[in-house]
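Take a look at the structure set out below.
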Amino acid sequence: MKKFLLILSFAIGIYASAQEELKKDSVVVDTVKYWSVLGKHSLMINQAAFSNWVGGGANNVGWLAGVNYNLTYEKDNDLWENIIVLDYGQNDTKGLGIRKTQDVINVSTNYGRKFSKSWYFSLGAGLQSQFAVGYEDGNNPAAKKISNFMAPGYLNLGMGITYRPDDNLTVTLRPTNGRWTFVLDKDLQFAGSYGLKNDGDTSLLQFGFLGTAQYKVKLMDNVHITNTASVFSNYLDHPERLVLAYGALINFKVNKFISSNITVDLLYDHNQIQKTQLKQTLGIGFAYTLNNGVKRSDRKDSQWWIKK
């Protein structure tokens, strides 16, 4: 009997201990509900073939792969949003060879502390660059090299306020923002290249105002557009030379795994080239959305882009 009571007491002790551990684990797991994870993976393919075609044309095949993640933590007065955008594409045309068609690295993080309805004091950073070498003459490898990984690369770090009335609109204004331009390719480190002051310089520091905005619109069922815009003014040198950027992504969703994307990007940066830059892409292919099912906020509106 004593042995039985001893074993029973021991078993009860283990059970009670297990329950305490379970409670602790439950608390840890419960915090996951404050994280929203939305990831989009895509692989777009385009191809054209010609044989005795009087109208002419060159056989070509191209591809574009992309990863787009939005990781957001939202609880009480805290809002922490992280965005990762990686895109790369190539086209192989008969007689011309392989050319780069898309090359994007864009990573940003922004933390905000709410001080009023829809308004946050915020601190954030962002990195922009590309993966591979870029050339003049339509990315012709035989032409002059004009860019490379982290040449240029841009790092922004600053603080200000963020306005987010709903999940469709986010506006961030940073009156204090440091902007570092990096040129880590020795072949491009000469005075005037991306604003460098002297030959051999690897970076340029600017300090000024940065404003960014993102606006999402549902045009119709399965057709969505995401607009992004930014403006930067350097307080230290020629503040009137604004760095302006606008991007639009139109997504046509066919089904769970097939979609088509159109992108349009406009950029004006006096330190790059004193002309307006334009880039446009169109592709159709495979797309998959990873979604943990957690909404970015408790609001019931504007959740269309995380619905399958």
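Everything quoted here is computed from the prediction, not taken from an experiment. FYI, the numbering just counts along the sequence from 1.
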_Under a 3.5 Å distance rule, please check whether S193 uses its side chain to pair with a backbone N or O of L188 as donor and acceptor._
yes
*Minimum heavy-atom distance A143-D137, with the two atoms named*: CB-CB, 4.0 Å
*asked:* For I284, is there any backbone N or O sitting under 3.5 Å from a side-chain donor or acceptor partner on S260?
replied: no
_Using only atom types and a distance under 3.5 Å, with no angle test, would you say the side chain of D76 pairs donor to acceptor with the backbone of D78?_
no
*Heavy-atom closest pair, residues Q272 and P152*: NE2-CG, 4.3 Å
*Kindly determine whether H41 and Y69 satisfy ring-ring contact (aromatic ring centres under 6.0 Å, His included), including the steps that lead there.*
CA-CA 9 Å; H41 310 79; Y69 267 84; 5.3 Å; yes
*Is NZ or CZ of R179 both nearer than 6.0 Å to the six-membered ring centre of F232 and within 45° of the ring axis?*
yes
*Judged by modelled atom types alone, do Y246 and N227 share a side-chain donor-acceptor pair under 3.5 Å?*
yes
*State whether the side chain of N255 and the backbone N or O of I258 hold a donor-acceptor pair below 3.5 Å, judged by distance alone.*
yes
*Passes ring-ring contact (aromatic ring centres under 6.0 Å, His included), W80 versus Y111? Steps please.*
CA-CA 4 Å; W80 182 23; Y111 169 76; 7.5 Å; no
*asked:* For the backbone of V183 and the side chain of Q189, can you confirm whether one donor and one acceptor N or O come within less than 3.5 Å of each other?
replied: yes
*Look at the aromatic rings of W63 and Y88 and report parallel, tilted or perpendicular, splitting at 30° and 60°.*
tilted
*Where the side chain of N234 meets the backbone of F207, is there a donor-acceptor pair that is under 3.5 Å apart?*
yes
*Where is the tightest heavy-atom contact between T212 and S230, given as atom of each residue plus distance?*
CG2-CB, 4.0 Å
*Short side-chain to backbone donor-acceptor contact, D199 and A191, under 3.5 Å*: yes
_Non-hydrogen side-chain atoms of Y135 and K144 separated by less than 4.5 Å_ = no
*So, does D166 use its side chain to make a donor-acceptor pair with the main chain of L169 at under 3.5 Å?*
yes
*Taking 4.0 angstrom as the limit, do D185 and K145 come out as a salt bridge?*
yes
*W119 vs Y163 aromatic rings, parallel, tilted or perpendicular, using cut-offs 30° and 60°?*
tilted
*Going by distance alone, is a donor N or O of one side chain under 3.5 Å from an acceptor N or O of the other, for T72 and N70?*
yes
*Are N60 and R99 close enough that a side-chain donor and a side-chain acceptor fall under 3.5 Å?*
no
*Salt bridge between D237 and K197, side-chain N to carboxylate O under 4.0 Å?*
yes
*Looking only at heavy atoms, what is the nearest atom pair of Q274 and Y268, with distance?*
C-CE1, 3.8 Å
_Taking F131's backbone N and O only, do any of them form a donor-acceptor pair with D103's side chain (distance below 3.5 Å, no angle check)?_
yes
*Around atom NZ of K279, are there more than 12 heavy atoms of other residues, nucleotides or ligands at under 6.0 Å?*
yes
*If you take all heavy atoms of M44 and N261, which pair is closest and at what distance?*
CE-ND2, 3.3 Å
*asked:* Check whether K100 reaches the backbone of A132 with its side chain - one donor and one acceptor, N or O, closer than 3.5 Å.
replied: yes
